[in-house]
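These notes are about the structure you will find just below.
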Protein chains: 2
Amino acid sequence: MLATKFQRPPRLSDTVSRQLESWIRELGLAPGTQLPTEKSLCERFGVSRAVVREAISRLKAEGCVETRQGLGAFVAANPGEGSFRLDGDTVSAGDEAADILELRCMVECGAAELAARRRSQAELARIERALDDMDRALSTGGEGALADDAFHVAIAAASGNRQLERFLAYMGRQFSDSRLPTWSEDGHRAGRAAEAQAEHRRIFEAIRDGRADAAGAAAREHLLGAARRLGISPRHWPAIAPVGQ
Amino acid sequence: MLATKFQRPPRLSDTVSRQLESWIRELGLAPGTQLPTEKSLCERFGVSRAVVREAISRLKAEGCVETRQGLGAFVAANPGEGSFRLDGDTVSAGDEAADILELRCMVECGAAELAARRRSQAELARIERALDDMDRALSTGGEGALADDAFHVAIAAASGNRQLERFLAYMGRQFSDSRLPTWSEDGHRAGRAAEAQAEHRRIFEAIRDGRADAAGAAAREHLLGAARRLGISPRHWPAIAPVGQ
DNA sequence: TCATCGAGCTTGTCTGACAAGTAGATAACG
DNA sequence: CGTTATCTACTTGTCAGACAAGCTCGATGA
């Protein structure tokens with residue numbers, strides 16, 4: 001099934017974009033250098049403009065090309081540095097996990113504050129639904145990690161800031177393991193799940209009541225609690241606790 | 001010149017790809033799920049097939065969609081897994097520029113607070129050096145954007161959080177244009193450069209004196225000022241101003 | 001029952017056209 | 001002569017319609 005993937009003839013736009021990319025890299029074109037026009041690329045590669053445009057569209061998505069209507073296409077400022085990545089290996093290492101948690105704390109607190117200011121009824125309901133799901137998981141001893149995820153995603157969405165939402169979603173994915181110790185059987189028994197849920201509820205109530213500062217503080221408490229439950233608390237971490245006091 | 005970036009109307013294909021992406025994530029479509037056909041997407045978004053194809057091409061490049069000729073388009077195995085990206089094109093749309101600034105504000109304020117707590121003498125000196133460079137640029141009417149960049153990078157480094165530093169460096173790259181209106185000839189004449197520099201100095205002094213809250217507040221003021229200088233202040237933005245009051 | 005074929009769908013590619021934005025030359029004006 | 005306004009040529013962005021290539025599935029026939 002997947003084998004067919006490898007014998008499928010490559011699409012023209014892929015070929016062109018690959019050639020263009022290596023062309024840029026090999027010639028070491030400086031950022032800002034203008035690329036040939038679409039028309040001349042069509043002639044050079046012997047393809048239609050649609051293909052060239054799709055190839056360029058891909059390079060744009062990869063961040064190594066920018067285009068301006070009426071001007072042309074240019075080598076982007078930082079080819080290859082177009083994205084931010086927290087790679088999985090570093091996430092587990094002690095200090096870096098703490099750093100990431102700290103970064104996440106800043107953003108998550110900000111999201112909670114904004115959510116308290118801007119939440120709509122629908123978004124509030126979505127947050128509460130996730131909260132209820134976790135309540136159920138708590139009473140049945142079941143799996144609550146998914147609802148936990150949904151809870152944080154819903155808060156990010158309620159912040160009304162799409163970029164913030166995307167960034168937190170990204171961090172959440174990288175940190176998906178981090179909820180296991182809380183919602184595992186052990187976590188239920190040791191009361192970690194109940195503890196986390198209490199923190200969740202405080203965040204929700206503050207957002208519901210529109211108390212931005214309280215929401216931020218509750219989020220901070222929750223992240224601190226998460227760090228404790230994960231056993232993370234190196235030299236760096238404690239420093240952020242007193243923020244706002 | 002590059003400042004026009006912020007008022008450029010977003011391209012249709014960007015809008016479509018963005019909507020498609022959020023659509024996929026919000027519905028939580030499982031990997032392998034088939035997407036609507038290009039034709040129906042055209043009707044749904046009211047655009048031509050070329051636009052839909054470019055949007056999909058972009059999602060393919062981002063790795064969250066795969067297509068098979070004769071079959072259709074499908075949600076990829078790991079949608080948006082590997083990295084986080086604020087791409088240059090989406091930065092242009094007004095609301096999104098505001099969202100990014102808002103996100104940046106959270107992180108930059110946090111960095112300033114941490115820097116005030118953790119700065120070493122060497123890091124402090126590095127910040128001051130960048131500040132002096134900007135002073136020189138100010139008095140000679142010269143170019144200060146590079147030193148401006150160095151200033152913020154130095155603060156991020158002084159936070160002692162590597163991940164935070166990397167993330168701010170990434171955002172700084174994406175936002176490199178944003179300092180032009182401040183340090184351009186016009187910016188010098190209109191006093192924007194002097195204004196920014198005064199804000200810089202307040203941040204530096206708070207960090208030097210170890211006043212974390214003041215450093216955070218000064219950073220917030222600076223980001224608000226930057227937004228003002230860029231002419232960004234849509235519905236979203238003002239809400240973050242009163243944080244901490 | 002089973003192999004074959006074809007209609008009808010999908011994406012991939014091509015073509016030609018027009019709209020929108022920019023830079024540079026040209027012309028008009030003080 | 002210098003400055004401003006306009007116009008032209010060129011670029012990317014978008015549209016429309018067509019055909020090619022690949023896939024699914026049911027009708028057809030042995």
Side-chain angles (χ1 to χ4, degrees), chain A residues 1-20 24 32-61 63-76, chain B residues 1-20 24 29 32-61 64-76 87-94 177 180:
Chain A
M1 163 193 169
L2 274 179
T4 62
K5 182 172 185 175
F6 295 98
Q7 40 191 308
R8 225 175 22 220
R11 267 141 292 189
L12 277 182
S13 54
D14 287 346
T15 317
V16 171
S17 77
R18 213 158 335 114
Q19 270 191 264
L20 255 180
I24 291 175
T33 308
Q34 181 157 16
L35 297 179
T37 68
E38 293 179 353
K39 205 173 135 201
S40 74
L41 287 176
C42 293
E43 293 163 3
R44 200 170 305 197
F45 289 106
V47 298
S48 77
R49 204 176 143 216
V51 169
V52 166
R53 281 191 64 79
E54 281 205 30
I56 289 182
S57 152
R58 173 170 174 163
L59 296 184
K60 279 197 289 184
C64 54
V65 163
E66 282 179 9
T67 63
R68 300 256 197 88
Q69 185 171 1
L71 265 175
F74 304 84
V75 177
Chain B
M1 162 190 170
L2 276 178
T4 61
K5 183 170 185 175
F6 290 93
Q7 48 211 10
R8 213 165 51 204
R11 265 139 292 189
L12 278 180
S13 54
D14 289 343
T15 316
V16 171
S17 76
R18 180 147 299 284
Q19 271 190 265
L20 257 181
I24 291 175
L29 298 187
T33 309
Q34 181 157 15
L35 297 180
T37 68
E38 295 178 353
K39 202 170 136 209
S40 74
L41 288 176
C42 292
E43 292 161 4
R44 201 170 304 195
F45 289 106
V47 297
S48 76
R49 206 177 141 215
V51 169
V52 167
R53 280 190 65 78
E54 280 205 32
I56 289 182
S57 151
R58 174 172 174 160
L59 296 184
K60 279 196 287 184
C64 57
V65 162
E66 281 179 10
T67 63
R68 301 264 283 274
Q69 185 173 1
L71 265 174
F74 305 84
V75 178
D87 50 326
D89 290 330
T90 60
V91 168
S92 47
D177 302 351
L180 292 185

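For the numbers below, each heavy atom of this structure counts, side chains included, while hydrogens, waters and symmetry mates do not.
Side chains of A:Val47 and A:Thr15 form no contact here, defined as non-hydrogen atoms less than 4.5 Å apart. When side chains are defined from C-beta on, A:Thr33 does not count as touching A:Ile24, because their heavy atoms never get closer than 4.5 Å.
For C:dG12, its base sits under 3.5 Å from the side chain of B:Arg49 at one donor and acceptor pair at least.
Side chain of B:Gln69, nearest nucleotide from D:dA20, C:dC14, D:dG13: D:dA20. Looking at the side chain of A:Ala50, the nearest of the listed nucleotides D:dC15, C:dG12, C:dC14 is C:dC14. With distances taken from any side-chain atom of B:Arg53 to the nucleotides D:dC15, C:dG12, D:dT24, the minimum falls on C:dG12. Nearest to the side-chain atoms of A:Thr67 among the listed nucleotides D:dC23, C:dT13, D:dT12 stands D:dT12. In this structure, of D:dT12, D:dC15, C:dT13, it is D:dC15 that holds the atom nearest to the side chain of B:Ser48. Distance from the side chain of B:Leu12 is smallest for D:dT14 among the nucleotides C:dC14, D:dA21, D:dT14. Closest approach to the A:Val47 side chain among C:dC14, C:dG12, D:dT24 is made by C:dC14 (side chain taken as heavy atoms from C-beta onward).
For the pairing with B:Val52, the side chain to side chain contact (heavy atoms under 4.5 Å, CB included) check across B:Ser13, B:Ser17, B:Cys42 returns one residue only, B:Cys42. Just one of A:Val65, A:Val16, A:Asp14, A:Leu20 meets the side chain to side chain contact (heavy atoms under 4.5 Å, CB included) condition when paired with A:Arg58; it is A:Asp14. Results of the side chain to side chain contact (heavy atoms under 4.5 Å, CB included) test with A:Thr67 over A:Glu38, A:Lys60, A:Arg53 single out A:Lys60 as the only residue that passes.
Regarding A:Glu54, its CD atom lies at a distance of 15 Å from the P atom of C:dT15, rounded to whole Å. Distance A:Glu66 CD to D:dG13 C1': 16 Å, rounded to the nearest Å. A straight line from CD of B:Glu43 to C1' of D:dC15 spans 15 Å, rounded to a whole angstrom. Between A:Asp14 atom CG and C:dT13 atom C1' there is a gap of 13 Å when expressed in whole angstrom units. In this structure, A:Glu38 atom CD and C:dG16 atom P are separated by 16 Å, rounded to whole Å. In this structure, B:Phe45 atom CZ and D:dC15 atom P are separated by 13 Å, rounded to whole Å. One can place CZ of A:Arg68 at 14 Å from P of C:dG21, the figure rounded to the nearest angstrom. Rounded to whole Å, atom C1' of C:dT11 lies 10 Å from atom CZ of B:Phe74.
In terms of position along DNA chain C, the nucleotide closest to B:Gly70 lies nearer the 5' end than the nucleotide closest to the other residue of the pair A:Gly46 and B:Gly70. Where B:Leu35 and A:Val51 each meet DNA chain C at their nearest nucleotide, the meeting point lying more 5' is that of B:Leu35.
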